[in-house]
Amino acid sequence: MQKTYHIVTYGCQMNVHESEKIAGILRQNGYTQACETVEEADIVVFNTCCIRENAENHAMGNIGALKKVKRARPSMLIAVGGCMTQQDGAAQRLRKKFPFVDIVFGTHNLEDLGGMLARKSAQKKALVEVTQEKAIEEADISYRTSYPNAWVNIMYGCNNFCSYCIVPYVRGRERSRDPQAVIGEVHSLLEKGYREITLLGQNVNSYAEDRADGVTFPQLLRRICAGQGKFRLRFMTSNPKDFGEELVEAIAELPQVCKLVHLPVQAGSDRILKLMNRKYTAREYLSKVERLKKRIPGCEVTTDIMVGFPTETEEDFLQTLSLVRQADFSAAFTFVYSRRQGTKAAEMEGQIPEAVQKERIMRLVELVNEQTRAKSQTYLGKTVEILCEDHDKKRGLYLGRDEYGRMGYFPSEVNRVGEFVRMKVTDASGISLYGTAEAAGAKESE
Ligand code: SAH
Ligand code: SF4
Ligand code: F3S
């Protein structure tokens, strides 16, 4: 009998990729089959997030729901890892609330999950392993399921301490991977046929500042692309405070680097940006966006925006709306500020009532949607290049993204997953694009 596993992932792409690492470790330890539901799994792993309260509530609810399943089938193992467990006292709270959980492990302990499984099998009581920073594992242990896309960590942790953010507390200080190891991993993925690589870090612009190699992030991009053929290279996230000319040039010059930059702005009011400890003004941010668009024709920018930060006034919020209009983002992730225990902002006076936060997020989302739809419309009748990544059974269509991350759907008789497909856009009325694909190997037109 094959032993089965089920991983539930919350949070950012870093976590999605770390779940691939968890899958890799499980598969090396006898759990060889992924299964669709928790009910049938021999082990369930929750890879949690604590960036906002609702992410935590979501995980808590789903862990709690396993109580009955565990009672009916006590041999099933339940493990909880990820950012939530790494908060002060969180492991103890989790144990108390969910005594049926078998293993609790921190973000710094993930790579030792194999060892934890062995240790757990030798003891009856729950195993809790949440430690502080540890050395970086350079080997690629991931069991990847996202072909033709692949994520590659270039650094862990964060030194920025934006006043609202829990990440530096749960992920530790910045630690960059060896550039040779990163380049080797990317090249090996390309050899295996992966077509889109996304480099991950909380602030990729400060890559390797903690190392003595003297390699900057733009240089890393150049070394990754050198001598390579066609593929897509993306990265996230860039902090605007460190986004410089050298990087603009690398994006402009390297054909493989997507002309799409995710540059979280958070707010449009200088007073709020200062309280957030973001270290740039709205004007500085806008001039970086302008510089990018000028140097790289067709370059698009996406962002993260937060509303309802402590003391945010209607006037501050209007400045955020105004910045959104000026920056002309092609997409934006919008969030309501969530008070995170242990952060500076959690202690600030002037926390904003929920009703005000809700009203502001609705106005912001309306504006962002309006802009995204208007951008979509400009695609009508054009031909875009989609990297086909999956088949949507419900719609009966293949899907993928263009260079700018826009989802495109098209019908095809043959499997096109993993191919760059030229698609003529026939419907761009929503956020996604629909169209018809040129046959494989069709001549480039236009
Ligand atoms: N390192 C990235 C962001 C990681 S978190 C960066 O600096 O841009 C992703 C997004 O979550 C952030 O950009 C921010 O908009 C949002 N976020 C972080 N902490 C939050 C909080 N306490 N409440 C609401 N949103 C938050
Ligand atoms: Fe959080 Fe700021 Fe670090 Fe991003 S840069 S992870 S928002 S502290
Ligand atoms: Fe990511 Fe959430 Fe952790 S956003 S870094 S999984 S707190």
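Quick note: numbers below take in every heavy atom, side chains included, and nothing from hydrogens, waters or symmetry partners. Counting starts at 1 for both ligands and their atoms, in listed order. Given the structure is predicted, the values throughout are model-derived calculations rather than measurements.
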*Taking every non-hydrogen atom, the tightest pair across T311 and I272*: OG1-CD1, 3.9 Å

*Mind checking ring-ring contact (aromatic ring centres under 6.0 Å, His included) for Y10 and listing every partner two or more places apart, or none if nothing turns up?*
H58

_So that I can tick it off, tell me whether E403 and K259 are bridged by a salt bridge, with the cut-off set at under 4.0 angstrom between side-chain N and carboxylate O._
no

_With heavy-atom distances below 4.0 Å as the criterion, list the atoms of ligand 2 near P168._
8 (S)

*Point-to-point distance, once rounded to the nearest 0.5 Å, from CG of N153 to OG of S142*: 8.0 Å

*With heavy atoms of F161 as the reference, note each atom of ligand 2 found under 4.0 Å away.*
8 (S)

*Pairwise distance CZ(R144) to CD(E20) - rounded to 0.5 angstrom*: 5.5 Å

*Would you kindly specify which portion of T237 sits under 4.0 Å from ligand 2, judged on non-hydrogen atoms: side chain, backbone, both or neither?*
neither

*Under 4.0 Å from any heavy atom of C165, which atoms of ligand 2 are there?*
1 (Fe), 6 (S), 7 (S), 8 (S)

_I'd like to know if E290 pairs up with K294 as an ion pair, taking the criterion as any Lys NZ or Arg NE/NH1/NH2 lying under 4.0 Å from an Asp or Glu carboxylate oxygen._
no

*Starting from atom 7 (S) of ligand 2, locate the nearest protein heavy atom and write down its residue, its atom name and how far away it is, to 0.1 Å.*
Y164 OH, 3.4 Å

*Run the numbers for me: atoms of ligand 2, each under 4.0 Å from some heavy atom of C158, listed by number.*
3 (Fe), 5 (S), 6 (S), 8 (S)

_Show me which atoms of ligand 2 lie under 4.0 Å from any heavy atom of N239._
5 (S)

*So does E129 pair up with K120, basic N to acidic O under 4.0 Å?*
no

*Heavy-atom contacts with Q202 under 4.0 Å: which atoms of ligand 3 show up? List them by number with element.*
5 (S)

*Any chance the side chains of N369 and T372 put a donor and an acceptor closer than 3.5 Å?*
no

_Part of C162 with heavy atoms under 4.0 Å of ligand 2, whether side chain, backbone, both or neither_ = both

*For the side chain of H6 and the backbone of C35, is there at least one donor-acceptor N/O pair under 3.5 Å apart?*
yes

_Need the ligand 2 atom indices (1-based, order shown) with element for anything under 4.0 Å from a heavy-atom of R278._
2 (Fe), 7 (S)

*Tell me the residues surrounding ligand 1, counting only those with a heavy atom closer than 4.0 angstrom, sorted by chain and number.*
I51, R52, Y164, Q202, T237, P264, Q266, R278, D304, M306, F335, V336, Y337, S338, R340

*Can a salt bridge be assigned to the pair E284 and K241 using a cut-off of 4.0 Å between side-chain N and carboxylate O?*
no

*Protein N, O or S within less than 2.8 Å of atom 2 (Fe) of ligand 3, waters excluded*: C49 SG

*Write out the residue and atom name of the closest protein heavy atom to atom 5 (S) of ligand 2, then the distance separating them to 0.1 Å.*
N160 ND2, 3.4 Å

Under 3.5 Å donor-acceptor pairs involving side-chain atoms of residues 41-53, not counting sequence neighbours:
{"residue": "D42", "atom": "OD2", "partner": "T4", "partner atom": "N", "Å": "2.8"}
{"residue": "D42", "atom": "OD2", "partner": "T4", "partner atom": "OG1", "Å": "3.4"}
{"residue": "N47", "atom": "ND2", "partner": "N15", "partner atom": "O", "Å": "3.0"}
{"residue": "N47", "atom": "ND2", "partner": "S19", "partner atom": "OG", "Å": "3.0"}
{"residue": "T48", "atom": "OG1", "partner": "G81", "partner atom": "O", "Å": "2.7"}
{"residue": "T48", "atom": "OG1", "partner": "M84", "partner atom": "N", "Å": "3.2"}

*If you measure only the distance, is there a donor-acceptor pair under 3.5 Å linking the side chains of D210 and S176?*
yes

*Are R360 and E312 ion-paired here, with the side-chain N under 4.0 Å from a carboxylate O?*
yes

*Between E174 and S206: side-chain donor-acceptor atoms closer than 3.5 Å*: yes

*Just by modelled atom types, is the K358 backbone N or O under 3.5 Å from a matching donor or acceptor in the R363 side chain?*
no

